[in-house]
Amino acid sequence: MDIRKLLKASAEAKNLKFGKIIHAHLIVINQISRNRVIEKNSLINHYSKCGDLLSARVLFDKMRKRNVVSWGSMMSGYLQHGYAQEVVELCKHMVKVEKLSPNKHVLPMVLSSCSSCGLLDEGEQCHGYAFKSGLIFHQYVKNALVYLYTMCSHLKAAMRVLDSSPRLDLCTYNILLNGLLAQGDMNEASCVLRRMIEELEWSRWDGITCVNVFGVCGHLKDLILGRQVHGRLLKIGLDHDLFVGSSTIDMYGKCGDVSSMRTVFDVLRARNEVTWTAALTAYSQNEWFEEALKLFLEMDRENVVPNEYTFAVLLNSCAGLSALGYGSSLHARVEKVGLKHDTVVGNALIYMASKCGLIDDAHSLFESMLDRDVISWNLMITGYSCHGLGMEALGVFQQMLSEGKQPSYVTFVGVLSACSLLGRVDEGFYYLNHMMREYSIEPGLEHYTCIVGLLGRARRLDEAEKFIRSNPIRQDVIAWRTLLNACLVHQNYGLGKKVTDILLEIGPDDAGTCILMSNMHARAKRWDKASAVRKLMRERNIKKEPGLSWIEIRNDTHVFVSGDTNNVESVQIREKVKKLLAEIRTLGYVPDIVTELHDVDEEQKEDWLSYHSEKLAIAYALMKSPPGAPIRVMKNLRMCDDCHSAAKYISKFTNRTIIVRDANRFHRFREGLCSCADYW
DNA sequence: ATTGTGGGAG
């Protein structure tokens with residue numbers, strides 16, 4: 001039997017023990033010492049493949065005479081076990097000291113190492129050599145070069161390498177799509193995808209191709225193409241591949257088809273923690289937070305070990321629900337399995353604390369992080385802004401800059417909202433210009449909307465209107481809604497009416513804006529116009545969501561619906577609300593009945609007001625929680641003026657801190673005042 | 001006659 005073939009087989013099987021036996025045999029029959037380069041190369045390759053790099057290196061270093069294959073075998077070991085830097089060093093050494101030239105096997109490995117280490121200079125040197133030597137015509141070399149350039153964001157250079165190729169092979173397409181996906185260049189990715197569909201038979205696709213194509217579908221939310229690919233891979237029989245399965249789930253999740261996602265998940269035979277996490281992520285991204293948490297219980301039952309991404313998704317689901325109780329138990333579990341210092345998990349913990357209203361906890365978590373990325377900083381800045389703490393937000397931003405961190409698009413959204421909270425108009429405009437000049441970040445809709453909010457809050461309403469008209473946000477509902485809100489707060493009903501008419505023309509598609517418009521009509525006493533808003537809602541099929549509030553008491557969630565009479569304890573809760581409202585009237589509370597339906601009597605209006613869901617929730621929390629404990633209420637809609645006013649008085653009367661998370665931001669009521677300074 | 005290019009989740 002051929003010794004070399006045996007060594008090759010044991011290398012492929014990664015059977016370290018078997019190779020060692022052959023090694024011993026070679027020593028015994030005295031073949032190894034007689035400078036048989038090929039046998040030694042085979043041994044180096046064997047140890048390399050099995051991950052025993054030390055043994056490979058000892059053999060390699062002891063060789064008196066080495067050829068290119070010896071170097072190549074050594075390099076392949078380093079490359080496959082994550083020591084790319086070492087491959088580049090070996091190559092330099094090989095060329096310089098032993099005057100050997102890389103061949104068609106060695107060059108792809110060196111190029112691959114350059115790509116993963118970001119060594120563009122060295123990679124370009126390889127390109128030059130490939131050109132001179134003619135190796136550039138070799139498919140493997142060409143692909144490795146394409147990989148280098150796509151990974152270094154030199155797309156044009158990558159395409160130039162391909163100019164001489166009439167047809168691309170599967171591997172090239174996989175490299176290109178993977179690189180374009182990583183960079184989020186969807187325009188180019190769809191072009192490449194279209195060309196691939198034309199040139200390559202579906203049947204030749206492999207698992208990597210499917211994963212990449214699903215990636216493109218997910219990015220573009222192209223469910224049609226996604227379904228087509230799914231159908232094809234069922235035919236090829238790739239659907240039971242672990243990687244393909246996970247990416248199918250991911251694709252359906254990103255395209256919003258949650259039920260297909262679940263069907264795929266249920267029939268998959270091969271599932272690992274990634275598959276499960278992909279399903280959890282799909283639920284979470286589509287805001288099916290309870291389903292995510294429920295599926296995790298099953299994952300636990302099947303003893304699949306969660307990883308950092310699993311915990312991150314679960315914590316984000318808790319954040320979405322403001323489920324502090326479950327979130328805290330996940331936090332404990334994260335500590336137990338030693339993932340506390342992971343950046344992804346740390347970010348999710350900050351987000352969860354912040355979304356549950358515990359902004360101080362969020363900050364301590366932030367402070368205790370070992371590796372903060374730009375997301376950590378953004379979470380803290382936007383978190384403080386959502387809690388109305390502008391000074392703190394700007395403080396974190398300054399700290400970020402002084403530590404030399406690069407701010408991003410999202411960073412400036414947080415910074416501009418902080419400026420708005422503090423009424424710092426000039427500073428806001430300074431940052432708007434600065435982000436472009438200093439950091440080359442093109443301002444987007446969110447930033448412009450922040451500026452509208454900034455001007456509006458500073459009572460510079462006419463400037464805000466001009467600003468909207470002079471920018472790409474001219475037709476943006478959110479920008480006009482922001483201005484409308486400013487008009488309401490500053491009681492400028494003249495401009496408010498105008499803005500409402502503009503909004504009516506653009507035609508908003510969300511209930512929140514419609515409610516604001518109705519409020520404007522009510523405040524301006526334009527009852528005749530109210531029907532126009534109702535008509536718009538009918539035409540656009542906009543449903544007024546019922547007002548929901550919920551609170552957690554000892555790990556139980558209690559949900560309250562506006563006007564609800566079905567709660568078992570509803571009689572007691574209603575009595576408690578009535579009593580509270582009577583009590584705070586002595587402090588100066590006056591019900592704000594203007595925005596309730598106008599064609600009923602006042603008593604009826606007051607009655608409706610008193611059953612707004614957040615009032616029910618606060619009353620229930622007062623009944624069930626120990627004296628002095630803070631009360632945390634979550635709400636699906638924006639808080640109305642009357643509840644806001646009532647909450648202020650209740651906080652004073654009962655000497656409690658009341659934190660309300662509404663659809664947009666946090667209100668922290670203490671001693672009769674709110675952290676939003678009555679502007680929200 | 002011993003070495004080689006591309007991988008899923010936040």
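Every chain is numbered from 1, with letters handed out A, B, ... down the list of sequences.
- Across all strands shown, D169(A) has no heavy atoms under 4.0 Å from either base or sugar-phosphate atoms.
- Residue-level contact check: S73(A) touches the backbone only, with heavy atoms under 4.0 Å from sugar-phosphate atoms and none from bases.
- Less than 6.0 angstrom separates the ring centroid of Y47(A) from the ring centroid of H23(A).
- The ring pair (Phe, Tyr, Trp, His ring centres under 6.0 Å) test applied to W377(A) returns F366(A), not counting sequence neighbours.
- Without hydrogens or angle criteria, S322(A) side chain to C318(A) main chain gives no donor-acceptor distance under 3.5 Å.
- Base engagement by D206(A) is indicated by at least one non-hydrogen atom pair under 4.0 Å involving a base atom.
- In this view, R333(A) and D300(A) satisfy the salt bridge (Lys or Arg N to Asp or Glu O under 4.0 Å) rule, not counting sequence neighbours.
- Residue-level contact check: Y147(A) touches the backbone only, with heavy atoms under 4.0 Å from sugar-phosphate atoms and none from bases.
- Residue V344(A) is in base contact, counting any heavy-atom pair closer than 4.0 Å across all strands shown.
- Remark: the backbone N or O of N174(A) is not paired with any side-chain donor or acceptor of N178(A) at under 3.5 angstrom.
- Looking at S73(A), its side chain does come within 3.5 Å of a backbone N or O of V69(A) through a donor-acceptor pair.
- Using a 4.0 Å heavy-atom criterion, one finds that I175(A) contacts the sugar-phosphate atoms exclusively.
- Nucleic acid contact class of N307(A) (heavy atoms, under 4.0 Å, all strands): base.
- Within the 4.0 angstrom heavy-atom criterion, no nucleotide atom of any strand lies near D373(A).
- Along DNA chain B, read 5' to 3', the first and last nucleotides having any atom under 4.0 Å from a heavy atom of chain A are dA1(B) to dG10(B).
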